[in-house]
Student: 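One structure follows; several queries about it will come next.
Fair warning: this is a prediction, and the values are worked out from it, not measured in the lab.
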Amino acid sequence: MLHQRNPASAEQEHLPSMLAADAQELQRQLQLHQARVFPPTSAKSIRQFAPGEAASFIGIGEAYLRQLAGELNVPSPLPNGRRLYSADDMNLIRRVLDEKNGTPKYVPHRRDGEHLQVIAVMNFKGGSGKTTTAAHLAQYLALSGYRVLAVDLDPQASLSAMYGHQPELDVGEGETLYGAIRYEDPVAITEIVRSTYIPNLHLIPGNLELMEFEHDTPRFMAQGANSTMFFARIGEVLGQIEELYDLVVIDCPPQLGFLTMSALCAATSVLITIHPQMLDVMSMSQFLAMTSELMSVVERAGGRTSYDWMRYLVTRFEPNDGPQSQMTGFMRAIFGNRMLNTPMLKSTAISDAGVTKQTLYEVERTQFTRGTYDRAIEALNAVNGEIEQLVKTTWGRK
């Protein structure tokens, strides 16, 4: 028999008050930590790249890059004679190459007949590496010369924080995507897009106000308001700026709500991250079933539910972990070519970089053991390269 607790016999704890106090103190301490790690006068920046890295991003051989750098004197050599390439240097070299060849080959912008690619990165369960994947993918594509818009649709706003926009401090009311898709007094999407410290990469940040869309939508649906349906609102506002970008990368919320459904209807392709452990895979099974049912409802209401491609990405993979390898093989047997060939490795390089809200493309290699960094960046580039190839195939490029 269950015994009910007598409120008079013991002092009970008021959960809302406790959570509010904890949230306030945690926010205060995080702000202090932020000020120590990134003082108010500091700004995030992208590092310079060694010749081998720069050549890979541009798509030419390292020897040819050295020849071009000598001819152009870009970048200027360091006192020791070495050259390190900034993102702007790589963009300049791309333009020079295309001018030499007379064809748009190295500047990879969309061409006539190639539609905007909108990649929704999603998972229902936290800890799957969803935001880490989205953050690195958007940066990789921008460093490769594409015009990229990263959209933080997760109210927790971890992607924004990684890009140097603290949601509690730097993102005001109406400055998230909610500002552009809300049902009353929406702002122009051009007013909420921000530049970043990487050329070619823009950001729409997130914060807790994104949750308002989940509260507003049922109310407006019940009222029968004469406005764009919830599932079409993100696609509608992205259509207003599609000529400015080649790709959009959306970091979706970790739940199946109205925001996620709208993101899926705006997307041209979907990337689902998976942590290869039994509990995570079991959760994903339920997530896929729920997504299918909800998307069927949206489809009957007129939403778009067909995609250029959909892929699963194994994340936080440990090659020496037997059960993880077995689970990955199990999923490959089920999903076949819908799984990316390369898993993203679990790496201390990625987690250590995340402590200071940085990606592997931002941190210096010298901060880590060479082998640790090289293994992580090799896996990361392989994953992002596969996704880039899917985009090129969709566009009909060789």
Student: Please determine if Lys100 and Glu71 form a salt bridge, counting it only when a charged side-chain N lies under 4.0 Å from a carboxylate O.
Tutor: yes

Student: Hydrophobic cluster mates of Val107, side-chain heavy atoms under 4.5 angstrom, ILVMFWY only, any path?
Tutor: none

Student: Is the centre of the Phe230 ring less than 6.0 Å from the centre of the Phe258 ring?
Tutor: yes

Student: In Å, rounded to the nearest 0.5 Å, how long is the span from OG1 of Thr273 to CG of Leu313?
Tutor: 7.0 Å

Student: Set out, in order, the CA-CA distance, both residues' side-chain angles and the distance that settles ring-ring contact (aromatic ring centres under 6.0 Å, His included) for Phe49 and Tyr85, then state yes or no.
Tutor: CA-CA 5 Å; Phe49 295 90; Tyr85 297 79; 9.5 Å; no

Student: Is the CZ atom of Phe330 crowded by more than 12 outside heavy atoms at less than 6.0 Å?
Tutor: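 Open.
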
Student: Go through the steps for Phe317 and His275 under the test ring-ring contact (aromatic ring centres under 6.0 Å, His included), then give the verdict.
Tutor: CA-CA 7 Å; Phe317 180 63; His275 186 215; 9.7 Å; no

Student: Considering only heavy atoms from C-beta outward, does the side chain of Met331 approach that of Pro276 to under 4.5 Å?
Tutor: yes

Student: With distance as the sole test, does Thr315 use its side chain to make a donor-acceptor pair with the main-chain N or O of Ile274 at under 3.5 Å?
Tutor: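 Indeed, once roles are kept as given, a pair shorter than 3.5 Å links the two residues.
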
Student: Will you find, in the side chains of Gln139 and Thr359, an N or O donor that is under 3.5 Å from an N or O acceptor?
Tutor: yes

Student: Do His115 and Thr394 touch side chain to side chain, with heavy atoms closer than 4.5 Å?
Tutor: yes

Student: So, for Lys130 and Asn123, which heavy atoms are closest and what is the spacing to 0.1 Å?
Tutor: CD-N, 3.7 Å

Student: Checking side-chain contact (heavy atoms from CB on, under 4.5 Å) between Val248 and each of Ile204, Ile241, Val151, which is the one that passes?
Tutor: Val151

Student: Answer whether the closest heavy-atom distance between the side chains of Val270 and Leu264 falls below 4.5 Å.
Tutor: yes

Student: Are the charged groups of Arg94 and Glu99 less than 4.0 angstrom apart, N to O?
Tutor: no

Student: Going by heavy atoms in the side chains, are Thr348 and Tyr373 under 4.5 Å from each other?
Tutor: no

Student: Using a strict cut-off of less than 4.0 Å between a Lys/Arg side-chain nitrogen and an Asp/Glu carboxylate oxygen, indicate whether Arg194 and Glu175 qualify as a salt bridge.
Tutor: yes

Student: Considering only NZ, NE, NH1 and NH2 on the basic side and carboxylate oxygens on the acidic side, decide whether Glu362 and Lys44 come within less than 4.0 Å.
Tutor: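 Salt bridge present between Glu362 and Lys44.
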
Student: Side chains of Ile387 and Tyr140: does their closest heavy-atom pair fall under 4.5 Å?
Tutor: no

Student: State plainly whether the residues Arg95 and Asp98 are in salt-bridge range, i.e. N to O under 4.0 Å.
Tutor: no

Student: For a 4.5 angstrom cut-off between non-hydrogen side-chain atoms, does Tyr245 reach Val148?
Tutor: no

Student: Classify the ring geometry between Tyr178 and Phe213 as parallel (under 30°), tilted (30 to 60°) or perpendicular (over 60°).
Tutor: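 The arrangement is perpendicular - the two ring planes meet at more than 60°.
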
Student: Does any non-hydrogen side-chain atom of Arg110 lie less than 4.5 Å from one of Leu116?
Tutor: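 Yes, close enough: below the 4.5 Å cut-off.
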
Student: Any chance you could lay out the side chain to side chain donor-acceptor pair (under 3.5 Å) test for Asn207 and Glu168, step after step, and finish with the verdict?
Tutor: CA-CA 7 Å; Asn207 68 11; Glu168 304 92 348; over 6 Å; no

Student: When you compare the side chain of Leu141 with that of Asn384, does any pair of heavy atoms fall below 4.5 Å?
Tutor: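 Asn384 vs Leu141: side chains apart.
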
Student: I'd like to know if Asp374 and Arg365 make a salt bridge, using a cut-off of under 4.0 Å between side-chain N and carboxylate O.
Tutor: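 Answer for the salt bridge query: yes.
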
